[in-house]
Structures are given as C-alpha cells and as structure tokens.
Amino acid sequence: MESRVIAILGLLLGTLVGLWQSYRFFVTDKTFGTVVFHVPVVELSLILLGSYLATLLTTYLPARAASRVPPAEALRFE
C-alpha cells in the first residue's frame with residue numbers, strides 16, 4: 001500500500017513539474033519563437049501507466065517477503 005502511494009505521488013509530481021517546466025521553456029521564455037504548446041495526453045497516460053505497473057511489479061515480491069517475517073523476529077536482528 002505504501003509503495004502505491006509513493007509511486008502515485010511521485011508520478012503526479014513529476015508529471016506536473018515536467019509539464020510546467022516544458023511550458024515555461026517553450027512558451028514563456030520563447031526559446032524557439034512562437035510555439036503551440038500541446039500535451040500528448042494518450043502517450044503521457046501510457047507512460048504513466050507503464051511506470052506505475054513497473055513500480056508495483058518491482059515492489060511486490062520484497063513487500064510480500066517482508067510481510068511474512070514476524071515483528072518480534074524482525075526487531076531481534078536490529
């Protein structure tokens with residue numbers, strides 16, 4: 001559950017900051033002249049979904065193994 005929340009927050013914050021910075025770079029600073037700012041929503045959604053699934057895939061097995069260790073035994077080896 002914790003890895004899901006962290007993944008969602010990271011993906012949302014990263015997306016928002018990336019969109020903000022790209023808008024600022026292309027439109028506000030006028031680095032490339034006059035540019036129409038377009039967000040590829042479908043591609044962005046697929047990238048975010050793939051990243052979220054990769055996060056769940058890589059955190060599932062370690063979390064499952066850690067959940068099987070009794071708390072008293074986990075504290076004993078501290």
Side-chain angles (χ1 to χ4, degrees):
M1 185 74 156
E2 180 184 0
S3 65
R4 290 180 185 175
V5 172
I6 291 172
I8 290 171
L9 285 175
L11 289 170
L12 286 176
L13 286 174
T15 302
L16 291 175
V17 170
L19 287 173
W20 170 59
Q21 286 296 321
S22 62
Y23 179 81
R24 193 173 150 262
F25 180 72
F26 284 108
V27 178
T28 306
D29 292 345
K30 297 192 188 305
T31 304
F32 294 104
T34 303
V35 177
V36 176
F37 186 72
H38 172 70
V39 177
V41 176
V42 174
E43 291 86 355
L44 188 61
S45 299
L46 289 174
I47 291 170
L48 290 174
L49 179 65
S51 300
Y52 180 69
L53 291 176
T55 302
L56 292 182
L57 182 68
T58 58
T59 58
Y60 174 72
L61 292 176
R64 193 174 107 192
S67 70
R68 293 182 178 184
V69 175
E73 188 174 328
L75 290 173
R76 186 178 344 180
F77 294 110
E78 209 175 276

Asks: To the nearest 0.5 angstrom, please state how far the OG atom of S51 sits from the CG atom of L46.
Replies: 10.5 Å
Asks: Show me the donor-acceptor pairs within less than 3.5 Å that the side chains of residues 11-23 make with the rest of the protein, sequence neighbours left out.
Replies:
unit_1	atom_1	unit_2	atom_2	d
T15	OG1	L11	O	2.6
Q21	OE1	R24	NH1	3.3
S22	OG	G18	O	3.1
S22	OG	L19	O	3.0

Asks: For the hydrophobic clusters of this structure (ILVMFWY residues joined by side-chain heavy atoms under 4.5 Å, transitively), does one cluster hold both V41 and L44?
Replies: yes
Asks: Report the residues that fulfil side chain to side chain contact (heavy atoms under 4.5 Å, CB included) with L56, sequence neighbours left out, ordered by chain and then residue number.
Replies: R4, Y52
Asks: Please go through Y60's hydrophobic cluster and name the other residues, only I, L, V, M, F, W, Y counting, with side-chain heavy atoms under 4.5 Å joining them.
Replies: L61
